[in-house]
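Numbered from 1 within each chain, the chains take letters A, B, ... in sequence-line order.
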Amino acid sequence: MSVRVRFAPSPTGFMHVGNARTALFNFLFARHNNGTFILRIEDTDIERHSEEAVNVIYEALKWMGLNWDEGPDVGGEYGPYRQSERLDIYKKYVEELKGKGLVYECFCTPEELDTMRKEQLERGEPPRYTGKCRDLTEEEKERLRAEGRKPVLRFKVPEDRIISFNDLIKGEIEIHSRQLGGDFVIVRSNGMPVYNFVVVIDDALMKISHVIRGEDHISNTPKQILLYEALGFPVPQFAHLPMILGTDRSKLSKRHGSTSVKEFRDKGYLSEAFTNFLALLGWYPKDGKEILSMEELIERFDIKDVNSAPAVFDTTKLNWMNQVYIRNYPIDKLTDLVIPYLEKAGYDVSKYDREWLEKVVEVTREYFTVLADAPIYMEMFLKDEFEVEEGAKEFVLEDETRLKVIENFYNRMKILEGELTPGIFKQIVKEVGKELKAKGKNLFMPVRIGLTGRMKGVELDILVSLLGKERVLRRIENSLKQLNEKSN
RNA sequence: GUCCCCAUCGUCUAGCCCGGCCCAGGACACCGGCCUUUCACGCCGGCGACGGGGGUUCGAAUCCCCCUGGGGACGCCA
């Protein structure tokens with residue numbers, strides 16, 4: 001049997017990292033088994049549906065590199081892939097269940113059900129639908145209809161049955177039909193079918209072989225199995241992924257900080273690092289190799305190796321991974337990715353020579369963990385009118401020879417003829433030190449401050465050789481001015 | 001409340017199915033050292049866990065039971 005899996009998100013307007021991981025695992029499973037990865041949009045709840053929200057899903061998946069084989073935009077044999085476009089199909093199966101006498105109309109209003117639930121909870125009973133409307137006569141139904149009530153359709157849950165399934169991750173799971181909360185709704189009063197019903201029809205019709213989804217769906221599974229059986233569909237294999245928790249160990253939600261794919265993308269996490277990190281949330285490769293490309297993930301991924309315990313979403317390791325990826329990324333591509341962040345920081349990137357810019361990225365890349373940090377570290381190459389840091393000013397003014405170092409260095413630079421190479425720079429600094437009897441911190445730190453206004457950063461010889469003599473002079477003038485102002 | 005799921009370092013986890021090789025291995029983080037006339041990188045080292053209690057067994061992180069703890073689900077949301 002061929003492997004066909006689907007990722008079926010509801011268009012809520014943002015892609016939660018939990019959903020992103022579910023998509024990833026489905027994708028890895030499909031690719032590893034030479035199967036098909038399908039995208040289906042679950043938009044039966046009209047209020048939530050919007051075009052923009054569907055785009056958010058596309059963007060997130062594309063960014064992560066999860067290309068789908070069948071979906072709303074690319075089509076496929078089993079379309080349409082949007083539930084809102086499959087309403088006629090669902091109707092047919094509603095009729096089938098009606099014909100089999102497995103469903104009935106229920107006229108209870110949401111308010112009535114709500115108070116019923118509250119009463120049950122108060123009495124310490126599990127909330128469940130009692131089956132109140134199960135045996136209404138035609139006259140009673142007419143009367144209720146005349147009151148203006150619109151019925152929902154409920155599926156008759158068998159009284160006494162143990163529903164079991166073998167979960168690929170959790171193992172054997174058994175749930176008694178009495179635990180299902182009574183006969184459940186499959187069609188709303190407005191005529192729209194409900195998730196638990198349509199998901200079964202879609203998965204069956206789309207020939208889904210493995211349903212891989214979050215653990216929070218375990219409780220839905222028995223209801224769905226009942227529907228598969230009622231409709232005579234083969235039941236797929238289930239695999240329920242462990243939950244992703246926040247650092248306080250509760251279900252990851254917005255209050256835990258960044259939880260949407262877009263936020264990570266915007267901060268400047270590389271898609272490869274993000275995907276790699278997500279893959280290790282609940283899954284671990286047999287060989288223990290942690291930095292893995294998409295190809296390597298596909299090669300190693302096995303649903304059986306998925307951990308059944310929940311994982312805490314802690315981005316500390318993601319930061320490390322992102323640094324690893326940044327350090328190893330092809331420099332031209334990394335430069336492309338960095339440019340938007342420079343522009344956002346107000347730099348006119350068009351005025352820089354591309355080759356020069358790539359060199360700057362090359363020497364600063366190890367300093368940033370996310371792309372959004374890039375402008376901070378690249379500033380010392382891009383901006384000549386920088387502010388000298390307060391601490392740096394204090395450092396220089398603490399000892400008068402430190403200021404002299406900067407001035408002496410400046411004077412030597414001024415008379416320099418020929419190219420400013422790393423070697424020449426070192427030689428000049430050495431001469432300065434000799435003349436003023438300064439060494440170590442007292443020598444290099446003032447030069448650094450004169451050059452960048454800061455007390456840390458990249459190797460100075462590399463910095464000056466990329467800056468060139470003219471800019472070096474301009475910068476020292478800038479620093480000196482600020483230092484003299486401060487000393488007066 | 002009821003049902004379901006889960007339980008190894010702070011975090012991600014290996015080991016658990018098929019008990020001994022585990023006084024529990026790796027990675028991140030943290031701490032220390034080295035390198036570097038700065039910071040970071042890099043290298044080396046350190047700290048650090050089988051939730052508790054009963055069994056079974058010559059022997060349990062591994063098997064069984066109970067407890068505790070955590071999470072999830074109980075919708076005309078998905």
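A cation-pi arrangement is present between Arg154(A) and Tyr129(A) under the rule of less than 6.0 angstrom and at most 45 degrees off the ring axis. Remark: Arg412(A) is not positioned above the aromatic ring of Tyr410(A), lacking an NZ or CZ atom under 6.0 angstrom from the ring centre and at most 45 degrees off the axis. The side-chain tip of Arg402(A) points at the ring of Phe395(A) from less than 6.0 angstrom away and within 45° of straight on.
When the P atom is used for both A60(B) and C22(B), the distance is 16 Å, rounded to whole Å. Nucleotides C47(B) and C63(B) have their P atoms positioned 29 Å apart, rounded to a whole Å. Taking atom C1' on both nucleotides, G46(B) is separated from C4(B) by 43 Å, rounded to a whole Å. Separation of the P atoms belonging to A49(B) and G25(B) is 11 Å when rounded to the nearest angstrom. Only the P atoms considered, U62(B) is 22 Å distant from G70(B), to the nearest whole Å. G33(B) and C41(B) have their P atoms separated by 15 Å, with the value rounded to a whole Å. Taking the C1' atom of each, C6(B) and C50(B) are spaced 15 Å apart, rounded to whole Å. Comparing the P positions of A61(B) and C67(B) gives a spacing of 23 Å, expressed to the nearest Å.
Evaluation of atom-type donor-acceptor distances gives a pair under 3.5 Å for the side chain of Tyr284(A) against the base of G26(B). With hydrogens and angles ignored, no donor-acceptor pair closer than 3.5 Å exists between the side chain of Lys170(A) and the base of C5(B). For Glu290(A) against G26(B), a side-chain-to-base donor-acceptor contact under 3.5 Å is present.
Asp183(A) and Lys156(A) are not joined by a salt bridge, as no carboxylate oxygen comes within less than 4.0 angstrom of a charged side-chain nitrogen.
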Report summary line: Whether each nucleotide of nucleotides 35-40 of chain B has a protein heavy atom under 4.0 Å at its base (B), only at its sugar-phosphate (S) or at neither (-) is summarised, 5' to 3', as --BBBB

Query raised in the report: Which nucleotides of nucleotides 62-74 of chain B have their base under 4.0 Å from a protein heavy atom (B), which only their sugar-phosphate (S), and which neither (-), written as one string 5' to 3'?
Result: ---------SSSB

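Computed from coordinates, the Arg21(A) CZ to C12(B) P distance equals 12 Å when rounded to whole Å. As rounded to whole Å, 20 Å separates atom P of C3(B) from atom NE2 of His240(A). Between Glu362(A) atom CD and C41(B) atom C1' there is a gap of 13 Å when expressed in whole angstrom units. A straight line from NZ of Lys304(A) to C1' of G15(B) spans 19 Å, rounded to a whole angstrom. For Met116(A) and C76(B), the CE to P distance is 11 Å, given to the nearest whole Å. Put simply, CZ on Phe165(A) is 10 Å from C1' on C5(B), counting in whole angstrom units. For Asp114(A) and C76(B), the CG to P distance is 10 Å, given to the nearest whole Å. For the pair Phe238(A) CZ and C5(B) C1', the interatomic distance rounds to 16 Å; values are reported in whole Å.
Thr109(A) comes within contact range of at least one nucleobase, with a heavy-atom separation under 4.0 Å. Heavy atoms of Cys106(A) sit nowhere under 4.0 angstrom from any nucleic acid atom. Val312(A) comes within contact range of the sugar-phosphate backbone alone, with a heavy-atom separation under 4.0 Å but no base atom that close. Gly433(A) comes within 4.0 angstrom of nothing in the nucleic acid, heavy atoms only.
One side chain, Glu172(A) or Asn166(A), offers a donor N or O that lies under 3.5 Å from an acceptor on the other. Looking only at atom types and distance, the side chain of Asn26(A) has no donor-acceptor partner in the side chain of Thr22(A) under 3.5 Å away.
The base-pairing partner of C63(B), taking Watson-Crick or G-U wobble contacts with both distances under 3.5 Å, is G55(B). C16(B) makes up no base pair with any nucleotide shown, lacking Watson-Crick or G-U wobble contacts both under 3.5 Å. For C9(B), there is no paired base (Watson-Crick or G-U wobble, both distances below 3.5 Å). Across all strands shown, G45(B) forms a Watson-Crick or G-U wobble pair with C31(B), both key distances being under 3.5 Å. Both distances falling under 3.5 Å, in either a Watson-Crick or a G-U wobble arrangement, place C74(B) opposite G1(B).
Heavy-atom distances to RNA chain B give each of Pro151(A) and Ile169(A) a nearest nucleotide, and the one nearer the 5′ end belongs to Ile169(A). Mapping Leu281(A) and Ser189(A) onto RNA chain B via the closest heavy atom, the residue that lands nearer the 5' end is Leu281(A).
The side chain of Arg327(A) sits closest to C41(B) out of C6(B), C5(B), C41(B). For Asn307(A), the listed nucleotide lying nearest its side chain is U13(B); candidates were C6(B), U13(B), A78(B).
A centroid separation of less than 6.0 Å is found between the aromatic rings of Trp283(A) and Phe301(A). Aromatic ring centres of Phe274(A) and Phe264(A): separated by under 6.0 Å. Between Phe277(A) and Trp320(A), the ring centre distance reaches or exceeds 6.0 Å.
A perpendicular orientation is assigned to the rings of Phe238(A) and Phe165(A), their planes being inclined by more than 60° (bins at 30° and 60°).
Residues Arg6(A) and Tyr81(A) are not in side-chain contact: their nearest non-hydrogen atoms beyond the backbone lie 4.5 Å or more apart.
The only member of Arg448(A), Met455(A), Lys456(A) that meets side-chain contact (heavy atoms from CB on, under 4.5 Å) when paired with Thr452(A) is Arg448(A).
Between Asn196(A) and the phosphate of G75(B), there is no side-chain N or O to OP1/OP2 separation shorter than 4.0 Å. Considering only side-chain N and O atoms, Thr316(A) lies nowhere under 4.0 angstrom from the phosphate OP1 or OP2 of G10(B).
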